[in-house]
Amino acid sequence: MELSSRRRTMGWPTAALALTAAVLLIMVPEVASVRYIVGSGLGGWAPNINYTIWARDKHFYNGDWLFFVYDRNQQNVLEVNKTDYENCNSDHPLHNWTTGAGRDVVPLNVTRTYYFISGKGFCYSGMKFEVHVEKAPPPPSASPKKSASSSLLSSFKGQIMVPTLFAVAAVWDAFLLHL
Ligand SMILES: *[C@@H]1O[C@H](CO)[C@@H](O)[C@H](O)[C@H]1NC(C)=O
Ligand SMILES: *[C@@H]1O[C@H](CO)[C@@H](O)[C@H](O)[C@H]1NC(C)=O
Ligand SMILES: *[C@@H]1O[C@H](CO)[C@@H](O)[C@H](O)[C@H]1NC(C)=O
Ligand SMILES: *[C@@H]1O[C@H](CO)[C@@H](O)[C@H](O)[C@H]1NC(C)=O
């Protein structure tokens with residue numbers, strides 16, 4: 001009895017911290033950068049998927065991320081210019097995002113159009129993705145639905161937000177490990 005009540009007293013700050021972390025984790029996706037899994041719901045980065053159709057209902061903002069998940073033995077992720085995108089030419093990529101794990105993260109940190117293809121001929125099977133990156137949207141505080149704390153969070157958007165997200169995730173992990 002004595003032990004259990006003491007444990008509860010000591011556990012409370014941790015629980016409060018974890019609750020805060022959980023609330024932040026839930027709130028973060030609507031204010032922070034979005035990480036899109038390319039082709040999510042259709043098979044990821046793979047042949048015979050139309051990425052124009054996949055992207056049709058999405059907005060990509062400066063600060064968002066693309067996550068390419070694919071068969072590392074077959075495909076890769078190459079950023080090319082418009083001409084090479086149209087011709088499926090992988091001979092002179094602007095950037096080779098392939099790291100070898102079949103899981104590559106690309107930061108969309110410039111407001112422009114990006115062109116991605118898979119080399120080794122897969123571009124001809126539809127593995128080409130043109131993404132229009134728009135200027136980051138205005139802070140969500142303009143919307144009456146958002147709470148004061150979420151508009152505060154939005155001011156941390158960008159460079160500070162990602163480390164914060166990782167820090168919050170680390171606290172959350174620490175809490176889970178404690179249990
Ligand atoms: C793309 O790069 C190729 C080869 O370097 C070049 O010939 C072509 O003009 C470039 N196209 C654009 C739109 O920059
Ligand atoms: C891209 O980089 C990966 C990993 O460094 C490398 O294995 C691959 O050959 C490169 N591909 C091209 C087309 O440059
Ligand atoms: C965008 O990200 C790339 C890759 O991390 C980096 O090399 C580049 O400097 C960044 N550009 C800007 C404008 O932040
Ligand atoms: C993808 O679908 C769009 C819209 O229907 C079409 O214009 C485009 O040619 C298709 N792309 C490929 C690679 O099939």
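Given the structure is predicted, the values throughout are model-derived calculations rather than measurements. Note that ligands are numbered from 1 as they come in the structure, with each ligand's atoms numbered from 1 the same way.
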Asker: Is the shortest distance from atom 11 (N) of ligand 3 to a protein heavy atom below 4.0 Å?
Answerer: yes
Asker: N/O to N/O below 3.5 Å, does that happen between Lys128 and ligand 4?
Answerer: no
Asker: Evaluate the 4.0 Å heavy atom contact test for atom 7 (O) of ligand 1: does a protein atom fall under the cut-off?
Answerer: no
Asker: Enumerate the atoms of ligand 1 whose separation from the nearest heavy atom of Asn81 is less than 4.0 angstrom.
Answerer: 1 (C), 2 (O), 3 (C), 8 (C), 10 (C), 11 (N), 12 (C), 14 (O)
Asker: For atom 5 (O) of ligand 4, find the nearest protein heavy atom and state the residue, atom name and distance (0.1 Å precision).
Answerer: Ile53 CD1, 4.1 Å
Asker: Just how far is it from atom CG of Asn89 to atom CD1 of Ile117, taken to the nearest 0.5 Å?
Answerer: 7.0 Å
Asker: Within a distance under 4.0 Å of any heavy atom of Pro107, pick out the atoms of ligand 3 and give their elements.
Answerer: 2 (O), 4 (C), 5 (O)
Asker: Report yes or no: is the cationic atom of Lys135 (NZ for Lys, CZ for Arg) closer than 6.0 Å to the six-membered ring centre of Tyr61, at no more than 45° off its axis?
Answerer: no
Asker: Mark up the atoms of ligand 3 that fall under 4.0 Å of a heavy atom belonging to Asn109, in ascending order.
Answerer: 1 (C), 2 (O), 3 (C), 8 (C), 10 (C), 11 (N), 12 (C), 14 (O)
Asker: In the protein, which heavy atom is nearest to atom 4 (C) of ligand 1, and how far is it?
Answerer: His92 CE1, 3.2 Å
Asker: Could you verify whether a donor N or O on one side chain and an acceptor N or O on the other, from Asn48 and Ser125, lie under 3.5 Å apart?
Answerer: no
Asker: Regarding Thr99 and Asp104, is there a side-chain donor-to-acceptor distance under 3.5 Å anywhere?
Answerer: yes
Asker: Run the numbers on Arg112 and Glu130 for salt bridge (Lys or Arg N to Asp or Glu O under 4.0 Å), then give the verdict.
Answerer: CA-CA 11 Å; Arg112 62 173 169 92; Glu130 171 181 356; over 6 Å; no
Asker: For ligand 4, which atoms have a heavy atom of Asn50 less than 4.0 angstrom away?
Answerer: 1 (C), 2 (O), 3 (C), 8 (C), 10 (C), 11 (N), 12 (C), 14 (O)
Asker: Please determine which of Phe60, Phe116, Phe68, Trp45 meets the ring-ring contact (aromatic ring centres under 6.0 Å, His included) test together with Tyr51.
Answerer: Trp45
Asker: Measure from atom 2 (O) of ligand 4 to the protein's non-hydrogen atoms and state whether any distance is below 4.0 Å.
Answerer: yes
Asker: Can you tell me how far apart OG (Ser90) and CD (Glu79) are? Round to the nearest 0.5 Å.
Answerer: 14.0 Å
Asker: Supply the atom-to-atom distance Trp65 CH2 to Ile37 CD1, rounded to the nearest 0.5 angstrom.
Answerer: 14.5 Å
Asker: Please check whether Thr83 reaches ligand 1 - meaning an N/O of the residue sits under 3.5 Å from an N/O of the ligand, judged on distance alone.
Answerer: yes
Asker: Return yes when at least one protein heavy atom is under 4.0 Å from atom 14 (O) of ligand 3, and no when none is.
Answerer: yes
